[in-house]
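Below, each value reflects all heavy atoms present in this structure, side chains not excepted, and no hydrogens, waters or symmetry copies. Atoms within each ligand, like the ligands themselves, are counted from 1 in listed order. These figures come from a predicted structure and were not determined experimentally.
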Amino acid sequence: MILQVRDMKVRYGAIHALHGIDLEIAPNEVVALIGANGAGKSSAVKAIAGLLPYSGEVVYDGAPLRPAGAERNVRKGLVLVPEGRGILGGMSVEENLLMGIYSRPDQKAAQADVEAMMERFPILGERRHGKASLLSGGEQQMLAIARALLARPRLLLLDEPSLGLAPKMTSFVFDLIGSLRRDGLSVLLVEQKARQALKISDRAYLLETGRIVASGSAESLANDDVVSETFLGGRVQAGSENTQHR
Ligand SMILES: Nc1ncnc2c1ncn2[C@@H]1O[C@H](COP(=O)(O)OP(=O)(O)O)[C@@H](O)[C@H]1O
Ligand SMILES: [Mg+2]
């Protein structure tokens with residue numbers, strides 16, 4: 001396993017956002033964390049990334065992480081693309097990409113990777129000197145993912161990458177995430193657009209008010225009657241017996 005989360009609890013003062021969740025991600029796996037607004041998804045990925053205090057244990061690549069170690073975690077290849085993307089709108093596209101390599105010890109190779117990234121996503125190359133705020137929402141998400149990839153992640157945490165995107169751009173972003181598996185990455189994908197997230201994921205966890213209430217293969221969750229009726233807006237196919245309910 002590249003990531004094992006055990007009994008993670010997060011609270012904001014008297015508000016308990018996570019009541020003790022367990023989840024794991026195997027190398028090269030795309031795992032979806034789905035759930036309604038306020039379920040605790042962002043709290044989970046922020047805590048895993050080292051940006052929020054938590055109790056419980058996060059084991060990354062075989063070793064326990066220390067809470068609040070976000071910068072150290074980035075150097076270890078644990079990289080978060082936060083909800084809202086974290087793009088600096090007043091800076092150029094290129095400057096935003098360069099932020100992705102600050103943690104890299106191999107600066108020369110990293111500079112070359114910035115150029116390669118602008119070839120991989122030509123729109124970013126065309127707009128390299130333009131302000132990031134002038135990109136469309138989808139292009140900004142592309143920029144945020146490109147910047148995260150430049151940090152050479154082994155595990156990428158994506159918090160609602162499709163939020164606010166037009167349907168066409170949403171499909172582009174989901175296809176891009178699916179393609180990251182081919183690059184050998186592991187991905188934890190937080191989404192409210194559960195159906196589309198499940199399509200590109202291997203496994204999934206369903207979070208409800210701070211608790212994981214179902215988990216299993218993405219296919220079994222998508223086909224599960226209870227999950228489907230409650231969270232995915234109705235059933236599409238025959239039920240499945242492979243989903244674990246808690
Ligand atoms: N900074 C904060 N201060 C207080 N409560 C918060 C804060 N951030 C989130 N919460 C609360 O924690 C719960 C989980 O929020 P969050 O992790 O953002 O859920 P999600 O990402 O699934 O929408 C919600 O009840 C939310 O109101
Ligand atoms: Mg959130």
Residue Glu71 excluded, over 12 heavy atoms near CD under 6.0 Å: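 Count not over threshold, so no.
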Within 6.0 angstrom of Lys76 NZ, more than 12 heavy atoms from elsewhere: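 Counting neighbours around NZ of Lys76, more than 12 heavy atoms of other residues, nucleotides or ligands fall under 6.0 Å, so yes.
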Side-chain contact test, heavy atoms from C-beta onward, threshold under 4.5 Å: evaluate it for [X] versus [Y] and give yes or no.
X      : Y      : result
Glu57  : Asp7   : no
Leu124 : Leu135 : yes
Val31  : Tyr205 : yes

Salt bridge (Lys or Arg N to Asp or Glu O under 4.0 Å) involving Arg120 - partner list, sequence neighbours excluded: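 For Arg120, the residues satisfying salt bridge (Lys or Arg N to Asp or Glu O under 4.0 Å) (neighbours in sequence not counted) are Asp183.
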Partners passing salt bridge (Lys or Arg N to Asp or Glu O under 4.0 Å) against Arg211 (at least two apart in sequence or in another chain):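 Here no residue qualifies.
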Neighbour list for ligand 1 [protein residues, heavy atom under 4.0 Å]: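 Residues within 4.0 Å of ligand 1: Tyr12, Ile15, Ala17, Ala36, Asn37, Gly38, Ala39, Gly40, Lys41, Ser42, Ser43.
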Least distance between heavy atoms, Val81 atom then Ala148 atom: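 Looks like CG2-CB, 3.5 Å.
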Sub-2.8 Å protein N, O or S atoms surrounding the Mg ion (ligand 2):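 Sorted hits: Ser42 OG, Glu83 OE1.
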Carboxylate-amine/guanidinium proximity below 4.0 Å for Glu115 and Arg128: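 Looking at Arg128 together with Glu115, the answer is yes, because their closest N to O distance falls below 4.0 Å.
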